[in-house]
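Reckoned from all heavy atoms, side chains included, excluding hydrogens, waters and symmetry mates. Worth saying up front: this structure is predicted, and the values here are computed from it rather than measured.
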Amino acid sequence: VQLQAYGGGLVQPGGSLRLSCAASGYSFSRGVMGWFRQAPGKDREFVAARRWSFGSTNYADSVKGRFTISRDNDKNAVHLQMNNLRPEDSAAYYCAVTPRNLILSSLRAVQEYEYWGQGTLVTVSS
């Protein structure tokens, strides 16, 4: 399984970016796909996760209403649309997957995801 996250960049506060995560050797139609982020000097934190079998998506409170997960079946990719970006959203963003169906309380746990992409850097600054 290989995951590749891309789409990061520099954006002004209030702007938008769309991150993508492409997979090889893995289908996003199973298990859980998560987005995490890590700012310098901080722990990696949960951003959002999609449980494909349940058809449900969960978001961190800090991004709820601004970020949206979607899937591109043709490209076997998952996107994270980020709107109304804030300086505190600046971080390296990582996509991760597990083929297991996680319970809600496990979605935010970094250790529950077996496969990770490299980070893509998002900087929100004027």
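- Within the 4.5 Å cutoff, the side chain of I69 has heavy atoms near those of the Y59 side chain.
- At least one side-chain heavy atom of F54 sits less than 4.5 Å from a side-chain heavy atom of N101.
- The backbone N or O of L107 sits less than 3.5 Å from a side-chain atom of Y113, completing a donor-acceptor pair.
- To the nearest 0.5 Å, atoms NZ (K64) and OG (S62) are separated by 9.5 Å.
- Heavy-atom minimum distance, L3 versus A23: CD2-CB, 3.6 Å.
- Residue pairs satisfying the salt bridge (Lys or Arg N to Asp or Glu O under 4.0 Å) criterion with at least one member in residues 10-32, sequence neighbours excluded, are absent.
- Taking OG from S126 and CD from Q12, the interatomic distance works out to 7.0 Å, rounded to the nearest 0.5 Å.
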S125 and T123: CA distance, side-chain angles, deciding distance, side chain to side chain donor-acceptor pair (under 3.5 Å) verdict: CA-CA 6 Å; S125 175; T123 303; over 6 Å; no
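- Taking the six-membered ring where tryptophan is involved, the planes of F46 and F36 are perpendicular, since the angle between them exceeds 60° and thus also 30°.
- Residues A49 and V32 come closest through the heavy atom pair CB-CG1, 4.1 Å.
- Side chains of D43 and Q38 form no contact here, defined as non-hydrogen atoms less than 4.5 Å apart.
- The shortest distance between side-chain heavy atoms of T120 and L19 falls below 4.5 Å.
- The side-chain contact (heavy atoms from CB on, under 4.5 Å) search around A109 returns Q111, E112, not counting sequence neighbours.
- Seen from the ring of W116, R44 counts as a face-on cation partner, given the 6.0 Å and 45° thresholds.
- In this structure, R71 and S29 have side chains that are in contact, with non-hydrogen atoms separated by less than 4.5 Å.
- Not a single donor-acceptor pair under 3.5 Å links the side chain of Y94 to the backbone N or O of G34.
- In this structure, CG on N83 lies 8.5 Å from CZ on F67, to the nearest 0.5 angstrom.
- Looking at W35 and C21, their side chains come closer than 4.5 Å, going by heavy atoms from C-beta outward.
- Remark: side-chain polar atoms of W52 are paired, donor with acceptor, to backbone N or O of F28 under 3.5 angstrom.
- At least one side-chain heavy atom of Q81 sits less than 4.5 Å from a side-chain heavy atom of S16.
- When hydrophobic clusters are built by joining Ile, Leu, Val, Met, Phe, Trp and Tyr residues whose side-chain heavy atoms come closer than 4.5 Å, directly or via intermediates, V1 is not grouped with V110.
- Smallest separation of non-hydrogen atoms from R51 and L102: NH1-O, 2.9 Å.
- A salt bridge links R100 with E114: the distance from a Lys NZ or Arg NE/NH1/NH2 to an Asp or Glu carboxylate oxygen falls below 4.0 Å.
- M82 pairs in a side-chain contact (heavy atoms from CB on, under 4.5 Å) with only one of the listed residues (V122, T68, V11, V47), which is V122.
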What do the steps show when you test R50 against S56 for side chain to side chain contact (heavy atoms under 4.5 Å, CB included), and what is the final call? CA-CA 6 Å; R50 175 78 175 177; S56 64; 5.6 Å; no
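- With no hydrogens or angles considered, a side-chain donor-acceptor pair links H79 and S20 at under 3.5 Å.
- Panel note: side chain N76, backbone Y26; a donor-acceptor pair is recorded below 3.5 Å.
- Between the Q118 side chain and the A5 main chain, a donor and an acceptor come within less than 3.5 Å of each other.
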Side chains of residues 84-91: which donor-acceptor partners sit under 3.5 Å, not counting sequence neighbours?
| residue | atom | partner | partner atom | Å |
| --- | --- | --- | --- | --- |
| D89 | OD1 | R37 | NH1 | 2.9 |
| D89 | OD1 | R66 | NH2 | 3.0 |
| D89 | OD2 | R66 | NH1 | 2.7 |
| D89 | OD2 | R66 | NH2 | 3.4 |
| D89 | OD2 | R86 | N | 2.8 |
| S90 | OG | P87 | O | 2.9 |
| S90 | OG | V124 | N | 2.8 |

